[in-house]
Amino acid sequence: MLGRTYRKAAEKAEKPARKGKKDPNAPKRALSAYMFFSQDWRERIKAENPDAGFGEVGKLLGAKWKELDDAEKKPYADQAARDKERADDEKAAYDNKKGGGSEEDDEE
DNA sequence: GATCTGATTGTTATG
DNA sequence: CATAACAATCAGATC
């Protein structure tokens, strides 16, 4: 599929503080496998690169990520999948409100 | 139906 | 406190 032929990230390659949400309650998406991958690897990267700052660790992380095999990404993807379920709940609430909500129970 | 875009997620350190 | 490379994602909008 020609879909992801281009990388939006590579296109903009810049982030001029994009803010402003369109959704009323913004059903935040789930985390990415990288999020979990970093949580576990950030320790190792820093362990072997105590001097590594943001750029170094970031690039190292990405490099390692690609080095990993599909089987190694699996556990991380699994965590991401788990979080997705959580995100699904958020979306459920989002859909609930978005719907014609006559009764607004309460929200914190 | 298929395609695309945008918004989001987390890490680090530093000004 | 926001930002910046790194990667995934995926759900909603659009045609």
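Reminder, nothing fancy here: chain letters follow the sequence lines and each chain counts from 1.
- Within residues 81-89 of chain A, the residues that have a heavy atom under 4.0 Å from DNA chain C are, in order of number, A:Lys84.
- Two end axes, each from the C1' atoms of five base pairs, can be drawn for the helix from B:dG1-C:dC15 to B:dG15-C:dC1; they diverge by 60°, to 10 degrees.
- Between the side chain of A:Gln39 and the backbone N or O of A:Met35, at least one donor-acceptor pair lies under 3.5 Å.
- Within residues 62-77 of chain A, the residues approached by DNA chain C to less than 4.0 Å at the level of any non-hydrogen atom are A:Gly62, A:Trp65, A:Lys66, in residue-number order.
- Heavy atoms only, all atoms of each residue included: A:Ala30 and A:Lys84 are closest at CB-CA, 3.4 Å.
- With rounding to the nearest 0.5 angstrom, the CG atom of A:Asp83 is 10.0 Å from the CZ atom of A:Arg29.
- Put simply, CD on A:Glu90 is 12 Å from P on B:dT8, counting in whole angstrom units.
- Across A:Lys28 and A:Ala87, no two heavy atoms sit closer than the pair O-CB, 4.1 Å.
- A:Glu56 has its CD atom 17 Å from the P atom of C:dA4, to the nearest Å.
- Partners of A:Trp41 under the side chain to side chain donor-acceptor pair (under 3.5 Å) rule, at least two apart in sequence or in another chain, are A:Tyr76.
- Taking every side-chain heavy atom of A:Arg29 into account, B:dG6 is the closest of B:dT9, C:dG12, B:dG6.
- Atoms CG (A:Leu60) and C1' (C:dA4) sit 16 Å apart, rounded to a whole Å.
- Per the geometry, CD belonging to A:Gln79 stands 13 Å off P belonging to B:dG10, to the nearest Å.
- The nearest whole Å value for the distance from the CG atom in A:Asp51 to the P atom in B:dT14 is 10 Å.
- For A:Leu31 and B:dT9, the CG to P distance is 7 Å, given to the nearest whole Å.
- Here C:dT9 presents its C1' atom at 11 Å from CZ of A:Phe36, a figure rounded to the nearest Å.
- When the salt bridge (charged side-chain N to carboxylate O under 4.0 Å, His left out) test is applied to A:Arg86, the partners found at least two apart in sequence or on another chain are A:Glu90.
- The nearest whole Å value for the distance from the CZ atom in A:Phe37 to the P atom in C:dT9 is 13 Å.
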Listed pairs under 3.5 Å, donor-acceptor, residues 53-75 of chain A side chains, sequence neighbours left out:
unit_1	atom_1	unit_2	atom_2	d
A:Glu56	OE1	A:Gly53	N	2.9
A:Glu72	OE1	A:Asp69	N	2.8

Report each atom pair, protein N/O against N/O of nucleotides 11-13 of chain B, whose distance is under 3.5 angstrom.
unit_1	atom_1	unit_2	atom_2	d
B:dA13	OP1	A:Lys46	NZ	2.3

